[in-house]
Protein chains: 2
Amino acid sequence: MFDALCPSRQALSHVTGRWAPLVLTSLTEAPMRFAALRRAVGGISDRMLSQTLQQLEADGLVIRDVQSAIPPAVQYHLSDPGQRIAMKIRELIDVVYEELPGIMAHRTTS
Amino acid sequence: MFDALCPSRQALSHVTGRWAPLVLTSLTEAPMRFAALRRAVGGISDRMLSQTLQQLEADGLVIRDVQSAIPPAVQYHLSDPGQRIAMKIRELIDVVYEELPGIMAHRTTS
DNA sequence: CGGCATCCGAATGGATACTG
DNA sequence: CAGTATCCATTCGGATGCCG
């Protein structure tokens with residue numbers, strides 16, 4: 001992973017991007033549609049949500065279910081690998097949350 | 001965390017940036033000096049390593065030990081919160097590694 | 001050795017408008 | 001509803017050079 005040329009670096013950068021962690025964590029709760037995801041992940045734009053989902057789908061972490069044509073109704077849910085990765089991200093987020101008071105305090109004092 | 005204005009978002013983005021995960025994971029092994037970190041994290045530039053370390057230090061996750069003046073000898077090591085977060089990142093990296101074959105295979109077939 | 005300052009191209013990402 | 005296309009501002013990040 002510490003080799004710059006290892007493909008794992010690309011996979012990791014997809015997962016640790018700005019939006020992917022939040023999208024993956026949202027999807028651990030339940031399968032969601034586009035608009036629901038946009039609501040769940042505060043501040044994300046259509047463009048970034050679409051792009052993030054495409055990337056996660058390309059890596060096989062998210063599965064895209066097109067249910068009809070007019071009007072479009074598309075569900076997204078985690079694949080098995082996606083579920084495992086998302087769980088770890090959720091744990092990471094939980095730890096960050098626990099340490100948040102200390103982090104905030106440190107920023108003001110330094 | 002899903003609120004765009006929550007400060008946890010900023011803390012998370014620091015931890016999930018391109019370089020921070022690799023730096024944090026490197027430091028779980030042992031305290032390291034600047035040059036050693038640059039060697040450990042393949043592909044990182046002086047600028048980004050310096051910037052990443054400053055950010056992690058500002059959040060209180062990494063501690064900077066200046067040991068002498070001429071020549072400068074600076075050790076970096078994880079604080080207790082940093083250690084906890086770094087552990088979770090390491091677990092995440094491990095899972096990504098395990099799923100890597102599937103991810104690579106999925107990319108070529110889709 | 002361990003950085004910081006500057007420059008500059010590349011990538012990120014938001015707003016808006018548009019489509020089936 | 002679920003995106004795509006275009007434009008544009010901001011940021012990222014590498015190369016280089018310099019300093020104590």
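In the text below, chain A, chain B and the rest are named by the order of the sequence lines, each starting its count at 1.
For the salt bridge (Lys or Arg N to Asp or Glu O under 4.0 Å) condition, the pairs that include at least one residue of residues 8-36 of chain A, sequence neighbours left out, are E29(A)-R90(A). Screening residues 58-78 of chain A for salt bridge (Lys or Arg N to Asp or Glu O under 4.0 Å), with sequence neighbours left out, gives D59(A)-R107(B).
Residues Y97(B) and M87(A) do not share a hydrophobic cluster, clusters being chains of Ile/Leu/Val/Met/Phe/Trp/Tyr side chains in contact below 4.5 Å. There is a path of hydrophobic side-chain contacts, each under 4.5 Å, that joins V95(A) to L12(A). If you chain together hydrophobic residues whose side chains sit under 4.5 Å apart, F2(B) and V23(A) fall into the same group. Hydrophobic cluster membership is shared by L37(A) and V74(A), with clusters built from Ile, Leu, Val, Met, Phe, Trp and Tyr side chains linked at under 4.5 angstrom.
In this structure, the side chain to side chain contact (heavy atoms under 4.5 Å, CB included) partners of P31(B), at least two apart in sequence or on a different chain, are Q75(B), H77(B). Residues satisfying the side-chain hydrogen bond (donor to acceptor under 3.5 Å, both in side chains) criterion with E98(A), sequence neighbours excluded, are R84(B). The side chain to side chain contact (heavy atoms under 4.5 Å, CB included) test applied to S79(B) returns I63(B), P81(B), not counting sequence neighbours. Under the rule for a side chain to side chain contact (heavy atoms under 4.5 Å, CB included), D80(A) has no partner lying at least two apart in sequence or in another chain.
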Kindly list each side-chain donor-acceptor pair under 3.5 angstrom involving residues 39-47 of chain A, sequence neighbours excluded, with atom names and distances?
from   : atom 1 : to     : atom 2 : distance (Å)
S45(A) : OG     : M48(A) : N      : 3.3
D46(A) : OD1    : R38(A) : NH1    : 2.5
D46(A) : OD2    : R38(A) : NH1    : 3.3

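Under a 3.5 Å cut-off, the side chain of H106(A) and the backbone N or O of A58(B) do form a donor-acceptor pair. Listed for the T25(B) side chain is no donor-acceptor partner under 3.5 Å among the backbone atoms of L22(B).
Per the geometry, CG belonging to D46(A) stands 15 Å off P belonging to dC18(C), to the nearest Å. Atom CZ of R64(B) and atom C1' of dG3(C) are 8 Å apart (whole Å).
For the helix from dC1(C)-dG20(D) to dG20(C)-dC1(D), the rotation axes defined at the first and last 5 base pairs enclose an angle of 50°, given to the nearest 10°.
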Could you list, one pair per line, each protein nitrogen or oxygen that sits under 3.5 Å from a nitrogen or oxygen of nucleotides 12-14 of chain C, together with the distance?
from    : atom 1 : to     : atom 2 : distance (Å)
dG13(C) : N7     : R47(A) : NH1    : 3.1
dG14(C) : OP2    : S45(A) : OG     : 3.1
dG14(C) : O6     : R47(A) : NE     : 2.9

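Pairing each heavy atom of S8(A) with each of L100(B), the nearest pair is CB-CD2, 3.6 Å.
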TODO: Could you give me the CA-CA distance, side-chain angles and deciding distance for V62(A) and L24(A), then say whether side chain to side chain contact (heavy atoms under 4.5 Å, CB included) is met?
DONE: CA-CA 8 Å; V62(A) 162; L24(A) 287 172; 4.2 Å; yes
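When DNA chain D is scanned in the 5' to 3' direction for atoms under 4.0 Å from non-hydrogen atoms of chain B, the outermost contacting nucleotides are dG13(D) to dG20(D).
Against DNA chain D, the stretch residues 5-15 of chain B makes no heavy-atom approach under 4.0 Å. Shown for residues 32-41 of chain B: residues whose heavy atoms fall under 4.0 angstrom of DNA chain C, namely R33(B), F34(B), A35(B).
Considering only the side chain of S50(B), dC4(C) comes nearest among dG20(C), dC1(C), dC4(C).
Among the atoms of the strands shown, only primed sugar atoms or phosphate atoms (P, OP1, OP2) are found under 4.0 Å from some heavy atom of Q54(A).
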